[in-house]
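Here's the structure we're looking at; comments come further down.
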Amino acid sequence: MKSVVTTVVTAADAAGRFPSQNDLEAVQGNIQRAAARLEAAEKLASGLDRVTREAGDACFNKYAYLKQPGEAGDSQVKIDKCYRDLGHYLRLINYCLIVGGTGPLDEWGIAGAREVYRTLGLPTNAYIEALTYTRDRACAPRDMSAQALNEFKSYLDYAINALS
Amino acid sequence: MLDAFSRTVVSADAKTAPVGGSELATLRSYVRDGNKRLDAVNAITSNAYCIVSDAVTGMICENTGLIQAGGNCYPTRRMAACLRDGEIVLRYISYALLAGDASVLDDRCLNGLKETYIALGVPTQSAARAVAIMKSAATALIGQTNSPASGGSKYRKMETTAGDCSALVSEAGAYFDRVIGAIS
């Protein structure tokens, strides 16, 4: 799992040396920024279901045709799966905030997503709309502090860019 | 390879649950004690040569048969291999301490180490003893409990702010014990 610490250790191991002062400084930099992202992770975890619900509603409001017969959301089962997937993306963003890197999104969310969506005939636009709504809806200080919000939004943007 | 943060994430993913609440408390303590941890890693890396050479010397002093003809530290080529292995083990322990997780130590150092030693005829009992001496030295340096009486001419105190390092001392000790458990 890619993070600052594992990157530093992998590099040191490849060179066969002990962690150098550079490595320790890199980890220290990561730790200094950790408070904000842990706060964002905590707030997101506590409101995950509500955030998912709002994001999914926004997506079906914009693309109402998705609920018509033959489309991706033409039965309640399929609609539920759409909300479930959005929950997965937000959960992976929670993990990214914990790790302090894009490793969880890369390994569990983005790798292979394009192929799967194409095979299943799912529109990625709908996911982008939902995540964009979440990004624009979140605000400081109502939801979390400004710095935490910045961290949260940067991972949302990362997911949006990967899907588009 | 995992660190303290990604370990939490992997176990949360197995339950498809977000990370929140109580799990965050342990991560917050990693962040709060981040500087102590870096000092602890520094205490090991700065004294690596001393820790390793002292451990191998101690191991031989307790069992002088090792450097007599037929012993496993005879001739110097084999003792050099022993010193090298001591440094490698200490290096992976320093990685594990930095990451706050033993996975790098397990995956890249301990996996198959016992089998390798048995195949090469290395006495694992002696190797475990050397690691135990490294544990004493490293934990004394991290916790600043070393004294001129036990350190002798090699006595050194790290120039760090005094504080409570007991959690890090026991964490580092656990990584050494993990090595001992894996090879004996």
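Labels below follow one simple rule: chain letters A, B, ... track the order of the sequence lines, proteins then strands, and each chain is numbered from 1.
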Answer with side chain, backbone, both or neither: which region of [X] has an atom nearer than 4.5 Å to a non-hydrogen atom of chain A?
X	result
B:A17	backbone
B:E23	neither
B:R7	neither
B:T16	both

Check: Counting only heavy atoms not in B:E62, do more than 12 sit closer than 6.0 Å to its CD atom?
Finding: yes
Note to self: So for atom CZ, which belongs to A:R142, do other residues, nucleotides or ligands contribute more than 12 heavy atoms lying within a distance under 6.0 Å?
What the structure shows: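 Yes.
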If I measure from the heavy atoms of chain B, does [X] come under 4.5 Å with its side chain, its backbone, both, or neither?
X	answer
A:T10	both
A:V4	neither
A:P104	side chain
A:D13	both
A:S46	neither
A:Q21	side chain
A:I31	both

Next item on the list: For the residue pair A:Q76 and A:D80, confirm or rule out a side-chain donor-acceptor distance under 3.5 Å.
Entry: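 Judged by distance alone, the side chains do pair up.
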Check: Between B:R78 and B:Y74, do the side chains contain an N or O donor and an N or O acceptor separated by less than 3.5 Å?
Finding: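 The criterion, which ignores hydrogens and geometry beyond distance, is not satisfied for B:Y74 and B:R78.
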Check: For A:Y155, is the NZ or CZ atom of A:R37 found under 6.0 angstrom from the centre of its six-membered ring and inside 45 degrees of the ring axis?
Finding: no
Next item on the list: Let me see the working for B:D3 and B:Y30 under side chain to side chain donor-acceptor pair (under 3.5 Å), right down to the final yes or no.
Entry: CA-CA 11 Å; B:D3 56 31; B:Y30 178 103; over 6 Å; no
Among [options], who wins on heavy-atom pairs under 4.5 Å with chain B?
options	result
A:I93, A:L48, A:V99	A:V99
A:K2, A:Q28, A:K43, A:E25	A:Q28
A:V8, A:V9, A:D23	A:V9
A:A12, A:A34, A:G101, A:A41	A:A12

Side chains of [X] and [Y], heavy atoms from C-beta outward: is any pair under 4.5 Å?
X	Y	result
B:M59	B:C73	yes
A:L122	A:V116	no
A:R33	A:Q147	yes

Next item on the list: Return yes if some donor-acceptor pair links the side-chain N/O of A:E54 with the main-chain N/O of A:T134 below 3.5 Å, else return no.
Entry: no
For chain A, find which of [options] contributes the most heavy-atom pairs closer than 4.5 angstrom.
options	result
B:L2, B:L98, B:D13	B:D13
B:I88, B:N42, B:V104	B:N42
B:G100, B:G20, B:S6, B:G21	B:S6
B:L90, B:T8, B:V41	B:L90

Checklist line | side chain to side chain donor-acceptor pair (under 3.5 Å) between A:Y158 and A:D106, worked out | finding: CA-CA 10 Å; A:Y158 185 79; A:D106 289 336; 2.7 Å; yes
Checklist line | Co-members of A:I79 in a cluster of I, L, V, M, F, W and Y side chains, linked at under 4.5 Å | finding: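 Under the 4.5 Å side-chain rule, A:I79 groups with A:F60, A:Y63, A:Y65, A:L66, A:Y83.
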